[in-house]
There are 2 protein chains.
Amino acid sequence: MTLAEENYLKTIFHLERKLKSEVSTNALAERMQTRASSVTDMMQKLADKKMLVYKKYKGVQLTEKGKKAAAYVVRKHRLWEVFLVDKLKFHWDEVHEIAEQMEHIKSVELIKRLDAFLGHPDFDPHGDPIPDKDGNIKKAEKRLLSELIKNQIGICVGVKESSPEYLQYLDKKKIKIGTKINVLGKEFFDGSMMIQVGRDQFFVSKQIAENLYVQTN
Amino acid sequence: MTLAEENYLKTIFHLERKLKSEVSTNALAERMQTRASSVTDMMQKLADKKMLVYKKYKGVQLTEKGKKAAAYVVRKHRLWEVFLVDKLKFHWDEVHEIAEQMEHIKSVELIKRLDAFLGHPDFDPHGDPIPDKDGNIKKAEKRLLSELIKNQIGICVGVKESSPEYLQYLDKKKIKIGTKINVLGKEFFDGSMMIQVGRDQFFVSKQIAENLYVQTN
DNA sequence: ACTAATATTTAGCTTTGCCTAAAATTATAA
DNA sequence: TTATAATTTTAGGCAAAGCTAAATATTAGT
């Protein structure tokens with residue numbers, strides 16, 4: 001698997017989930033900042049390798065093999081993002097580009113050990129689930145804190161738009177990935193909420209609640 | 001700087017220090033597992049970029065610019081090796097190939113933070129010095145423990161040949177990178193030594209002492 | 001149903017980094 | 001010193017992954 005192939009697979013993987021259908025040449029070209037003709041070339045190559053099913057003019061669909069390969073790239077990407085944020089103290093919005101490079105490092109043992117070193121995380125710093133070694137994604141519906149109702153409990157899994165100010169606010173309130181948030185009440189007219197984090201109880205505005213992703217079980 | 005260019009620079013850097021002279025096309029070709037003609041191509045390219053001085057049939061020599069770039073690649077390589085051993089618990093002899101890939105990741109900030117995360121190490125797990133950000137190498141003569149004489153002090157900087165058994169022995173004796181070793185005495189006929197490590201004093205055979213690199217000041 | 005617009009593929013070219021074979025240079029040794 | 005050996009460079013090609021322009025399919029609007 002070359003670097004380019006891995007990048008195509010990963011992008012197809014994401015687009016398939018978003019579009020819930022075959023992925024078109026143009027959709028791929030746009031996402032990958034490349035030309036449709038280049039995409040066609042690569043699709044033919046990946047079809048030869050049984051990574052996907054390609055039907056002229058009809059788009060592509062990953063095979064099981066392709067899905068697994070793609071999920072593994074995603075797994076590596078997200079684990080490295082956790083590393084960058086948890087260990088090297090990068091901010092959530094600075095890590096994508098670096099992880100984009102690190103995801104291509106080839107060593108199964110490396111990823112095994114990295115995963116253990118990080119404590120087998122389930123989510124990356126953006127709240128997206130980390131596929132397991134076999135490519136299974138715990139499709140934990142992530143949703144906005146603002147969508148919860150009274151007495152619901154959510155686990156913080158990420159942020160939507162992360163300005164430095166917002167991240168600082170979360171820091172101050174001791175909210176990070178994995179933090180349990182209990183909705184104690186919700187104001188109807190402005191969407192603000194009373195929440196509990198650890199032993200602290202406080203209000204958050206609608207704006208705040210609309211930028212925090214949580215997972216409910 | 002492409003990946004291939006970085007690899008050439010790094011190899012030239014190492015060969016220049018070993019040979020203490022210009023580096024010949026064939027020497028490079030052998031080290032890089034490639035053909036002389038490929039080397040010539042790349043030398044012309046790197047000469048265009050002012051990374052080295054290339055004289056037909058006379059070999060190459062790094063410029064200051066080239067030296068700095070090469071040293072930075074080496075710095076990254078060695079820092080990642082420290083990460084792999086110290087944090088991910090790889091053995092000293094398993095990390096080269098992985099670091100070979102990681103050294104090419106592009107992010108100045110990443111390396112800054114990695115360095116801090118590792119505690120600004122001066123040596124990699126093989127005892128080789130880590131160049132600083134500016135490419136300066138603390139050329140701390142590393143030598144074998146067996147070369148020391150009575151009352152000399154050495155800092156452990158690495159191993160020569162690292163079998164699992166040997167590494168285990170060092171573990172048991174609490175000897176690792178950075179450990180100070182005091183030579184209390186040396187037996188003439190068998191080369192064994194009495195040494196002090198922390199509060200412990202014990203004998204090491206010549207075999208042991210010949211496989212441990214130390215730095216003296 | 002038919003044309004216009006859009007999407008996709010094909011053909012042919014470019015660059016990077018490698019290769020082989022042949023030519024040129026330098027080194028060696030009788 | 002001169003022929004032979006070894007080293008190095010040049011010339012010409014190849015595969016990967018991209019691009020442009022032209023050809024071909026599909027979709028949509030009337």
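Since the structure is predicted, the reported quantities are computational estimates derived from the model, not experimental observations.
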Worksheet entry | Value in whole Å for how far the P atom of D:dA16 lies from CG of A:Asn7 | 17 Å
Item to complete: Measure across B:Leu144 and B:Lys160 and return the closest heavy-atom pair with its distance rounded to 0.1 Å.
Response: CD2-CD, 4.1 Å
Worksheet item: CG of A:Asp48 versus C1' of D:dA15: gap in Å, rounded?
Response: 14 Å
Worksheet entry | Short side-chain N/O contact to D:dT9 OP1/OP2 from B:Thr40, under 4.0 Å | yes
Worksheet item: How long is the line joining CD of B:Gln44 and C1' of C:dT16, in whole Å?
Response: 14 Å
Fill in: Nearest-angstrom distance from the residue atom CG of B:Asp41 to P of D:dC14
16 Å
Discussion item. Considering every strand and a 4.0 Å limit on heavy-atom distances, what is the contact class for B:Ala4: base, sugar-phosphate, or nothing?
Written reply: sugar-phosphate
Worksheet entry | Value in whole Å for how far the C1' atom of C:dT16 lies from CE of B:Met1 | 15 Å
Worksheet, complete the sentence: With sequence neighbours left out, the residues meeting side chain to side chain donor-acceptor pair (under 3.5 Å) with B:Glu103 are B:Lys10, B:His77
Validation: residues 18-42 of chain A side-chain donor-acceptor distances under 3.5 Å, sequence neighbours left out:
| from | atom 1 | to | atom 2 | distance (Å) |
| --- | --- | --- | --- | --- |
| A:Ser24 | OG | A:Ala27 | N | 3.1 |
| A:Thr40 | OG1 | A:Ala36 | O | 3.2 |

Fill in: Nucleotide C:dT16, atom C1' - distance to CG of A:Leu3 in whole Å
14 Å
Worksheet item: Cation-pi between A:Lys142 and A:Phe123: NZ/CZ under 6.0 Å from ring centre and within 45° of the ring axis?
Response: no
Practice prompt. Examine B:Lys87 relative to B:Phe117 and say whether NZ or CZ is less than 6.0 Å from the centre of the six-membered ring and inside a 45° cone about the ring axis.
Written response: yes
Worksheet entry | N or O in side chain of B:Tyr54 less than 4.0 angstrom from D:dT8 OP1/OP2 | no
Discussion item. If you compare every side-chain N and O of A:Ser37 against the phosphate oxygens of C:dA11 (OP1, OP2), does one of them come in below 4.0 Å?
Written reply: no
Discussion item. Restricting to side chain to side chain donor-acceptor pair (under 3.5 Å), what partner residues turn up for A:Asp115, sequence neighbours left out?
Written reply: A:Arg75, A:His120
Worksheet, complete the sentence: So, with a heavy-atom separation below 4.0 Å from DNA chain C, the residues of residues 24-33 of chain A are A:Ser24, A:Thr25, A:Asn26
Discussion item. What is the distance, to the nearest angstrom, from the CE atom on A:Met42 to the P atom on C:dT8?
Written reply: 18 Å
Worksheet item: Cationic tip of B:Arg113 within the cone over A:Phe90's six-membered ring, i.e. under 6.0 Å and within 45° of the normal?
Response: yes
Fill in: Separation of atom NZ in B:Lys49 from atom C1' in C:dT16, rounded to whole Å
10 Å
Nucleotides 22-27 of chain C: which of its N/O atoms have a protein N/O under 3.5 Å away?
| from | atom 1 | to | atom 2 | distance (Å) |
| --- | --- | --- | --- | --- |
| C:dT25 | O4' | B:Tyr57 | OH | 3.4 |

Discussion item. Quick test of your reading of the model: are A:Lys106 and A:Glu6 salt-bridged, counting only N-O distances below 4.0 Å?
Written reply: yes
Which atom pairs, one a donor and one an acceptor, fall under 3.5 Å between side chains of residues 47-65 of chain A and the rest of the protein, sequence neighbours left out?
| from | atom 1 | to | atom 2 | distance (Å) |
| --- | --- | --- | --- | --- |
| A:Lys49 | NZ | A:Glu5 | OE1 | 3.3 |
| A:Lys49 | NZ | A:Glu5 | OE2 | 2.9 |
| A:Thr63 | OG1 | A:Lys50 | O | 2.8 |
| A:Thr63 | OG1 | A:Met51 | O | 3.0 |
| A:Thr63 | OG1 | A:Lys65 | N | 3.4 |
| A:Thr63 | OG1 | A:Gly66 | N | 3.0 |
| A:Lys65 | NZ | A:Lys49 | O | 3.1 |

Worksheet item: What's the closest nucleotide to the A:Arg35 side chain, out of D:dT20, C:dC18, C:dT10?
Response: D:dT20
